[in-house]
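Structure first, then comments.
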Amino acid sequence: MADVLESPVYARIYATIRRVPRGRVCTYGEIARAAGAGGPRQVGFALRHSFDRRLPWHRILNAAGQIRAPGASGARQRALLAAEGVRFTARGRIDLRRFGWVAPWPAGELPR
DNA sequence: CGTCTGACGATAT
DNA sequence: TATATCGCCAGAC
């Protein structure tokens, strides 16, 4: 199990994702910044390889407020979000000004 | 090492 | 608003 996903950076990525509140959403880029990850694509990688990790993975969208999860996951994501009260625009996007959540402080650090 | 891929993001058009 | 392009970066091989 010497999985790369067990490294500290992934632990921070997952920890940050777990902080996204129900009914709110966050972007790949914001998670990456707050977790001190290499970048948005690393967050995508983390999610793609994270079955069964008790993560609110469906609350992660791209910077345009669009679902980027591939295939069936996309439809599932949309349903999960709708179930938490997140509303979509007519063209299937989410208004980040309204549902967006920004990490208050970087993972690992505490406010002072 | 070099090359390719991708659940990204910013910018130009 | 949509598409094209480029920058970015971890992993896979």
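Bear in mind the structure is a predicted one, so any value in this text is a computation, not a measurement.
Residue contacts shown for Gly39(A) are absent, as no nucleic acid heavy atom lies under 4.0 Å away.
We find the CD-CG distance between Gln66(A) and Leu96(A) to be 10.0 Å, quoted to the nearest 0.5 Å.
A 4.5 Å side-chain heavy-atom check between Arg68(A) and Tyr28(A) finds at least one atom pair inside the cut-off. By the 4.5 Å heavy-atom criterion applied to side chains, His49(A) and Asp3(A) are not counted as neighbours.
The partner of dA7(B) is absent, by the rule that a Watson-Crick or G-U pair needs both atom distances under 3.5 Å.
Between His49(A) and Gly38(A), it is Gly38(A) whose nearest contact on DNA chain C lies nearer the 5' terminus.
Closest to the side chain of Phe45(A), out of dC8(C), dA7(B), dG11(C), is dG11(C). The side chain of Asn62(A) sits closest to dG9(B) out of dA7(B), dA10(C), dG9(B). Candidate nucleotides dA7(B), dG9(B), dG11(C) were compared by shortest atom distance to the side chain of Pro40(A), and dG9(B) ranks first.
With Phe88(A) as the aromatic partner, Arg78(A) meets the cation-pi criteria of under 6.0 angstrom to the ring centre and within 45 degrees of the ring axis.
Atom CG in Leu61(A) sits roughly 14 Å away from atom C1' in dG9(B) (whole-Å rounding). If you take CD of Glu30(A) and P of dA7(B), they are 21 Å apart, rounded to a whole angstrom.
Within the structure, a side-chain polar atom (N or O) of Arg68(A) is placed less than 4.0 Å from OP1 or OP2 of dC8(B). Note on Arg48(A): a side-chain N or O is less than 4.0 Å away from OP1 or OP2 of dA7(B). In terms of phosphate contacts, Tyr28(A) brings no side-chain nitrogen or oxygen within less than 4.0 Å of OP1 or OP2 of dA10(C).
Rounded to a whole angstrom, the distance from the P atom of dC13(C) to that of dA7(B) is 15 Å.
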